[in-house]
Amino acid sequence: MSPRKRYWLMKSEPGDFSIDDLQRVVTEPWTGVRNYQARNFMRQMQVGDGVLFYHSNTEVPGIYGIAEVASPPYPDPTQFKKGSKYHDPKATQDQPRWDLVDVRFVRKLARAIPLEEIRTHAEALGEEFALIRKGSRLSVLPVTAAQWKRLLALE
DNA sequence: GCCAACGTTGGC
DNA sequence: GCCAACGTTGGC
């Protein structure tokens with residue numbers, strides 16, 4: 001028995017990989033996460049979970065699209081690749097350190113929801129929401145069903 | 001490009 | 001186990 005569908009927010013710098021890139025390739029392994037908290041969230045993911053696709057480090061940071069989890073978690077192959085900027089010398093095939101999931105394109109939002117606007121709804125979303133919590137830089141974070149609904153109502 | 005906040009590393 | 005130094009993230 002699998003738990004009910006969950007929701008997540010995943011950040012990407014559009015210069016590296018944008019929602020348009022995801023639309024083009026449809027499915028993409030979410031490589032390069034090297035933060036334990038973010039990794040642990042990906043380990044909890046199930047196929048079909050909803051994903052808010054967030055653009056960071058860009059002119060208007062915010063939510064630009066919707067994706068879904070397309071695979072169970074598995075070891076990030078880039079951790080084994082010497083010369084890759086994601087290579088981790090402490091990871092071995094027997095003892096991988098980093099997991100990822102494949103992410104599949106669902107749709108672009110009719111209108112991006114800027115971080116600035118999301119902040120104005122902090123009270124409704126909950127102060128503990130990691131996206132707007134002071135100092136939080138998590139690139140993969142959980143979203144409750146209520147937050148998912150509230151955020152997409154802003155579209 | 002700046003820099004605050006945070007995580008990781010490594011000397012001791 | 002402490003903590004300074006360093007690296008990274010990501011908003012602005």
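What you see below is based on every heavy atom in this structure, not just the backbone, and it leaves out hydrogens, waters and symmetry mates. Every value quoted in this text rests on a predicted model; they were computed, and no experiment measured them.
- Closest to the side chain of A/K90, out of C/dG11, B/dT9, B/dG7, is B/dT9.
- Distance CG (A/D16) to P (C/dT9): 10 Å, rounded to an integer number of Å.
- Atom CG of A/N57 is separated from atom C1' of C/dG10 by 5 Å (rounded to the nearest Å).
- Listed candidates were B/dT9, B/dG7, C/dG11. Nearest to the side chain of A/Q37 is B/dG7.
- Electrostatic pairing of A/R34 and A/D76 counts as a salt bridge here, judged by a charged N lying under 4.0 Å from a carboxylate O.
- Heavy atoms of A/L138 sit under 4.0 angstrom from primed sugar atoms or phosphate atoms, though from no base atom.
- Judged purely by distance below 3.5 Å, without hydrogens or angles, the side chains of A/Y64 and A/D20 never pair a donor atom with an acceptor atom.
- Atoms CG (A/D88) and C1' (B/dG7) sit 14 Å apart, rounded to a whole Å.
- Between the CE atom of A/M10 and the P atom of C/dG10 there is a distance of 13 Å, given to the nearest Å.
- Distance, A/N35 CG to C/dG7 C1': 13 Å, rounded to whole Å.
- Summarising the geometry, the separation between CG on A/L9 and P on C/dG10 is reported as 11 Å, rounded to the nearest angstrom.
- Distance, A/K11 NZ to B/dC6 P: 12 Å, rounded to whole Å.
- Interface remark: the A/R34 side chain does not form any donor-acceptor pair with the C/dT8 base, using a distance-only criterion of under 3.5 Å.
- Between the side chain of A/E68 and the main chain of A/R104, no donor-acceptor pair closer than 3.5 Å is present.
- Spacing between atom CD1 of A/I132 and atom P of C/dC12 amounts to 12 Å, rounded to whole angstrom units.
- A distance-only check finds no donor-acceptor pair linking the side chain of A/Q79 to the backbone of A/A91 [under 3.5 Å].
- For the OP1/OP2 pair of B/dC6 and a distance below 4.0 Å, the side-chain nitrogens and oxygens of A/Y36 include no atom meeting the criterion.
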